[in-house]
Amino acid sequence: MDLTLLTLVFCLHDFVVNGNPSPLVDVVVDRYEIPTVCPREVQTEDFIRYHYNGSFSADGTKFDSSHDRGIPAVSQVGLGRLLLGINRGLLGMCVSEQRRITIPPHLAYGSIGSDGVVPPDAVLVFDILLLDIWNPEDKVQVRTLSKPESCRRTTVASDYIRYHYNGTLLTGEAFDSSYSRNTTYDTYLGQGDLIKGLEEGLLRMCLGERRIIIIPPFLAYGESGHGTQIPPQATLVYEVLLVDAFNPKDDLIVQVKEVPEGCTRRTVTGDYIRYHYNGTFQDGTAFDSSYKRNSTYNTYIGKRYVIQGMDKALVGLCIGEKRRITVPPHLAYGEAGVEDLIPSSAVLVFDIQVIDFHNPKDPVGITATHKPQDCNVTSEVDDLIQYRYNCSLMDGTLLYSSDHDTPSFATLGANKVILGLEEGLLGMCLGERREVVVPPHWGHGENGAGEVPKSAVLFFELELVELTKGVPEGYMFVWLGDVPDPLFPAMDLNGDGEVPLEEFSAFIMLQVEEGKGRLRPAVDADSIIKDMFNNQDENKDGKIVEDELKVKVDGEPQQVIRDEL
């Protein structure tokens, strides 16, 4: 308060309290409540909305009050619409400020008074609370509170947007909030669905941006106000958070984040894919995750088992590839959304990682990583093999592994391992190493097994350590060269015309040692030989004579042995 104003206040004090008849010369202003922040002060030609109590200085009697009527006054400053003293007393006032303006008669109703309410020569006191201020030249004011570092696009007219907001008057009094309803406000921009000032204030916003939008009354609800919460001629303040935006013309947005080296094949329509994903809205709010379920999402591509946008985005991927896929609602769940999970018209963002994929027509993939120069014999059905292996998922997750010092055994063709592994073990040289990709229809199928997930493609690293040639299914012994002819004398080692078990066993083992015959591998030799002997000893007297000796040629009994005793 400057010195002149201080003198005026003292003069008023003498006049009212002490009865000193010294007349007031000018308006006296007492700013008894001033807001901390005052972005704007009242100037001539501004419109204001305010509450007031009017009383007489002489005895404090109230003669008028907007509070009693429950309706604030609205007027323009400085154009003769208010008492001259009021005009002077309002200048420089801030919204939410409270002032006491004391006005001498010559700046109020003078020596005439007013309609029997205000007597002549009355000094008037107005207690004023300023609620609002605007000017016909005002524009929408936009102040950015925060903005994400990355802003891929900004809103334009014709976009569909979802946003949260708090709405207040200039005094800070709240009139509405989307947060209190726990749902965003969703609308098209530029189609007249919003008040003009808000349409303008929401343009050029980034996703995740926060703004303060101040809208003068003539770009808001004007003279009519809105409901019981927004009075006539009210300036509105919106604090807005843009949650989502898209345009009906938007297509998928695919960002490739990581592609593994050596990608020789990419997904096509008809493939079956297993992938992990995190699903979020554009503001980063998560709505679903396969990682949390510890289970991949498995589906056919291009058969409409997933939303249209995802079906389209899953084409052209490598195993191990990571992508971010942004799906507009018309390629996702549209206006319907998903109850309690995905709001109406929500843009969805999927961060995916491809674990594996295959086609139902895929064969077993075999790649030799090392092959010895000398490879005269290769593995085939009925062979007994020893091999080392690692079994992994296509993302590198190790499932099973043989002990380095104790290789695994298998008889090829015995259906003791999955078909794809058996296929990968056929035709191997001793010492050969292979990488074998086994699609699920050659592996554990749709149900998986143990640690093998459903419909998983398996990756084997194989090394053939030992190879023992086998005998055909149903045989116990085969000749590898010419059969002794005649056979019985060769078998009757002591020439007594009888071959007991001991002599029969010695004969067979001699053929094996000399490489002339082969016993079925992986079975106890004594047991095999005893079974062979029993098959020949028709009368079960513990010895074989020449008439009892029968052999098989291609499975049929013959007198000359060729394949099995």
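Here, residue 1 is the first one in the sequence, and each next residue gets the next number.
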- Query: So, do Phe47 and Phe218 have ring centers that fall under 6.0 Å from each other?
  - Reply: no
- Out of curiosity, Leu207 CG to Tyr163 OH, how far, rounded to the nearest 0.5 Å? 15.0 Å
- Thinking salt bridges, do Glu461 and Arg434 make one under a 4.0 Å N-O criterion? no
- Message: I'd like to know whether the aromatic ring centres of Phe357 and Tyr272 sit less than 6.0 Å apart in this structure.
- Response: no
- Query: Phe126 vs Phe63 aromatic rings, parallel, tilted or perpendicular, using cut-offs 30° and 60°?
  - Reply: perpendicular
- Query: Would the number of heavy atoms belonging to other residues, nucleotides or ligands and lying under 6.0 Å from CG of Asp193 be above 12?
  - Reply: yes
- Message: Using the side-chain contact (heavy atoms from CB on, under 4.5 Å) definition, which of the options His51, Glu33, Arg31 pairs with Gln98?
- Response: Glu33
- Flag for Gln76-Arg81: side-chain donor and acceptor within less than 3.5 Å: yes
- Task: Say whether Asn390 and Ser401, considering side chains only, have a donor N or O and an acceptor N or O under 3.5 Å apart.
- Result: yes
- Message: Check this for me: does any side-chain nitrogen of one of Lys303 and Asp271 sit under 4.0 Å from a carboxylate oxygen of the other?
- Response: no
- Charged N to carboxylate O below 4.0 Å: is that the case for Arg40 and Asp46? yes
- Query: Is the shortest distance from a Lys or Arg side-chain nitrogen in Lys249 or Asp159 to a carboxylate oxygen in the other one below 4.0 Å?
  - Reply: no
- Query: Where does the angle between the aromatic ring planes of His226 and Tyr221 fall among parallel (under 30°), tilted (30 to 60°) and perpendicular (over 60°)?
  - Reply: parallel
- Message: Check this for me, if you would: do Asp251 and Lys312 make a salt bridge, where the nitrogen-to-carboxylate-oxygen distance has to be below 4.0 angstrom?
- Response: yes
- Message: Please tell me whether Tyr277 and Asp288 have a donor and an acceptor in their side chains that are separated by less than 3.5 angstrom.
- Response: yes
- Do Thr168 and Glu173 get their side chains close enough for a donor-acceptor pair, meaning under 3.5 Å? no
- Message: Between Asp127 and Lys62, does any NZ, NE, NH1 or NH2 come within less than 4.0 Å of an OD or OE carboxylate oxygen?
- Response: no
- Query: Using a distance-only test with no angle check, is there a side-chain donor-acceptor pair under 3.5 angstrom linking Thr184 and Asp244?
  - Reply: no
- Ring geometry between Phe350 and Phe287 (parallel below 30°, tilted from 30 to 60°, perpendicular above 60°): perpendicular
- Do the charged groups of Asp395 and Arg274 touch, with an N to O distance under 4.0 Å? no
- Does any donor atom in the side chain of Glu239 or Asn166 lie under 3.5 Å from an acceptor atom in the other side chain? no
